[in-house]
Amino acid sequence: MEKFIVQGPCRLKGQVEISGSKNASLPILAATLLFDKPVELKNLPKVKDVDTMLSLLKSLGLKIKINNKKKTVKIYKSKKIKTFASYSLVKTMRAGILVLGPLVAKYKKAITSLPGGCSIGARPVNYHLNSLKRLGMKYFIKKGYIHAQVNSELKGNKIKFPKISVGATENIIIASCLAKGKTIIKNCAIEPEIKDLCNFLNKAGAKIKWTGKRTVKIVGVKSLKSIKYSVMGDRIECGTFCVAASLSEGSLKIKGFNPKLINTELNLLKKIGSKIIIKNNEINIKGSKIIKSINNLKTKEYPSFPTDLQAAFMVLLCKAKGRSVISENIFENRFTHVAELRRLGAKINIKKNKAFLDGNTLFEGAEVMSSDLRASVALVLAAITAKGHSIINRIYHLDRGYEKLEKKLSKIGAKIKRIP
């Protein structure tokens, strides 16, 4: 099992190019099931979750052609489409559930495994199922599989999510594109990755229109046209490198991402002392010697602070002057990295959904173990600033969402190696 060896402390300097967004790529790939004609995608990140989604699409009968030189993926419909999404492919990735909506919309039936992914909370699929039911889908669950079908075709309806859900918003938007009539979805998630999915679908001929901050109207169409599309940059990767610069008193030029999409994060980094200059699709960030604490950093749905950067910011605030508090309001089990950060010297106490951090931590190298995707990168960040030698185990979690992380870090001054 592969691991990282990190020798710290390191000061990061140089330029970083942000990869394509994992969280935008996955729903866009799932949406290609709606098409009869070829789709060409650019800027897909080379990460495990994208590979898994491509394998899932292949298993459903789509033809995939990857051009590594041009960095493009072409997806074609074949004559034999299957509607069975197996547990072996869906178990490692939450986004596997996103094939349910397009399969039912296009092929009137599906058998899909209940999804897996990181162990960060329950994340039930009831919002997906209840909403698709309102569009006319019938289903039952047996032996870990959702058996779904629709008698004739999905029909537009009014849907209001009881709680904001990124995955359910994506699934219902995709399915509604081919539903008969008009669908109005309220209390939607509005993450940039969802807007990227909508841009992709609209360019292919879908009729999706945002009529309010969290309300979207979709008028169904009979088919979608062939399209070439470039996926947006990865918001969480960009935020991670911003934290890395702030943490190490570094100086980074970060390219390939629209800074407006992480306003909340950049304002927080300014608040703790980082100096930031923004240009078109470029962030210049310098870390401060003195990192200021934050009294109550709360994770919340976009455009507020993202849960996916909570672990990285926790490492940063461990180095801050004074005490900080982080409240996790999205997932109930997203402090699994805390025990491992303590092994590196962090002083963190957990009470329910709050983490209390005593600052001025001098991280010291140790052997640690990743528990999920975002926890993995937090351990890497802590190891980079730690005194001495660290070993990070189970980095397969990290490979699900970060493209060539150790190579990007090595180029800007980190002493990090991947070993078997």
Side-chain angles (χ1 to χ4, degrees), residues 18-35 39-60 62 64 66 71-75 85-103 105-106 110 112-118 120 123 125 127-128 165-175 177 188-201 204 206 227 229-238 257 261 302 306-308 330-331 372-374 396-403:
I18 297 303
S19 299
S21 167
K22 172 186 87 83
N23 289 342
S25 298
L26 298 176
I28 287 172
L29 284 168
T32 62
L33 285 162
L34 298 177
F35 289 71
V39 173
E40 184 178 303
L41 297 174
K42 292 182 180 179
N43 206 35
L44 288 178
K46 291 180 181 177
V47 297
K48 186 66 180 169
D49 273 11
V50 168
D51 289 343
T52 303
M53 182 59 89
L54 289 170
S55 295
L56 177 55
L57 294 179
K58 274 184 193 174
S59 78
L60 294 169
L62 296 187
I64 313 283
I66 299 169
K71 294 184 177 177
T72 61
V73 175
K74 277 191 176 181
I75 301 166
S86 75
Y87 171 73
S88 62
L89 285 166
V90 177
K91 68 180 179 182
T92 61
M93 180 182 64
R94 176 73 186 170
I97 191 69
L98 295 179
V99 301
L100 177 62
L103 283 175
K106 181 74 175 170
T112 62
S113 171
L114 290 165
C118 290
I120 56 174
R123 301 200 284 185
V125 296
Y127 294 163
H128 299 250
S165 165
V166 171
T169 299
E170 291 166 344
N171 221 341
I172 308 312
I173 285 173
I174 295 167
C177 287
C188 293
I190 55 169
E191 272 68 6
E193 296 80 14
I194 290 171
K195 298 295 178 78
D196 205 37
L197 169 67
C198 292
N199 288 340
F200 163 75
L201 289 165
I227 183 179
Y229 192 79
S230 184
V231 175
M232 68 177 281
D234 196 293
R235 179 167 56 106
I236 306 304
E237 186 193 22
C238 185
F257 187 80
L261 300 179
Y302 190 86
T307 181
D308 279 352
I330 304 296
F331 295 123
D372 64 71
L373 168 55
R374 305 306 173 186
Y396 60 83
H397 285 295
L398 187 139
D399 291 334
R400 286 185 49 223
Y402 287 89
E403 181 178 350

| query | Does the D49 side chain pair with the main chain of M93, one donor and one acceptor, at a distance under 3.5 Å? | reply | no
| Separation of I64 CD1 from T32 OG1 (nearest 0.5 Å) | 6.5 Å
| note | Closest non-hydrogen contact found for R400 with L373 is NH1-CB, 4.3 Å
| field | Non-hydrogen side-chain atoms of L26 and V50 separated by less than 4.5 Å | value | yes
| remark: Shortest non-hydrogen pair, G401 vs D234, comes out as O-OD2, 4.5 Å
| query | Quick one: does L62's side chain get under 4.5 Å of L33's, heavy atoms only? | reply | yes
| query | Just wondering, are more than 12 heavy atoms of other shown residues or ligands nearer than 6.0 Å to OH in Y87? | reply | no
| note | Note: V99 and A85 closest approach over all heavy atoms is CG2-CB, 4.0 Å
| Quick one: are H397 and Y402 in side-chain contact, heavy atoms under 4.5 Å? | no
| Can you say whether the rings of F35 and F200 are parallel (under 30°), tilted (30 to 60°) or perpendicular (over 60°)? | tilted
| query | Which pair of heavy atoms, one from L29 and one from L44, lies closest together, and at what distance? | reply | CD2-CD1, 4.2 Å
| Any donor-acceptor pair under 3.5 Å from N43 side chain to S230 backbone | no
| task | Please examine the side chains of D196 and S21, heavy atoms only from C-beta on, and report whether any two atoms are closer than 4.5 Å. | result | no
| query | Got I28 and E193 here, is their nearest side-chain heavy-atom distance under 4.5 Å? | reply | no
| Side chain D308, main chain I236, donor-acceptor under 3.5 Å | no
| request: Mark yes or no for whether T169, through its side chain, and A189, through its backbone, hold a donor-acceptor pair below 3.5 Å. | output: yes
| query | Does E170 reach the side chain of L197, with side-chain heavy atoms less than 4.5 Å apart? | reply | yes
| 4.5 Å side-chain heavy-atom contact, Y127 and N171 | no
| Least distance between heavy atoms, R235 atom then Y302 atom | NH1-CD1, 3.5 Å
| note | When every non-hydrogen atom of I18 is compared with those of C238, the smallest separation belongs to CD1-CA, 3.6 Å
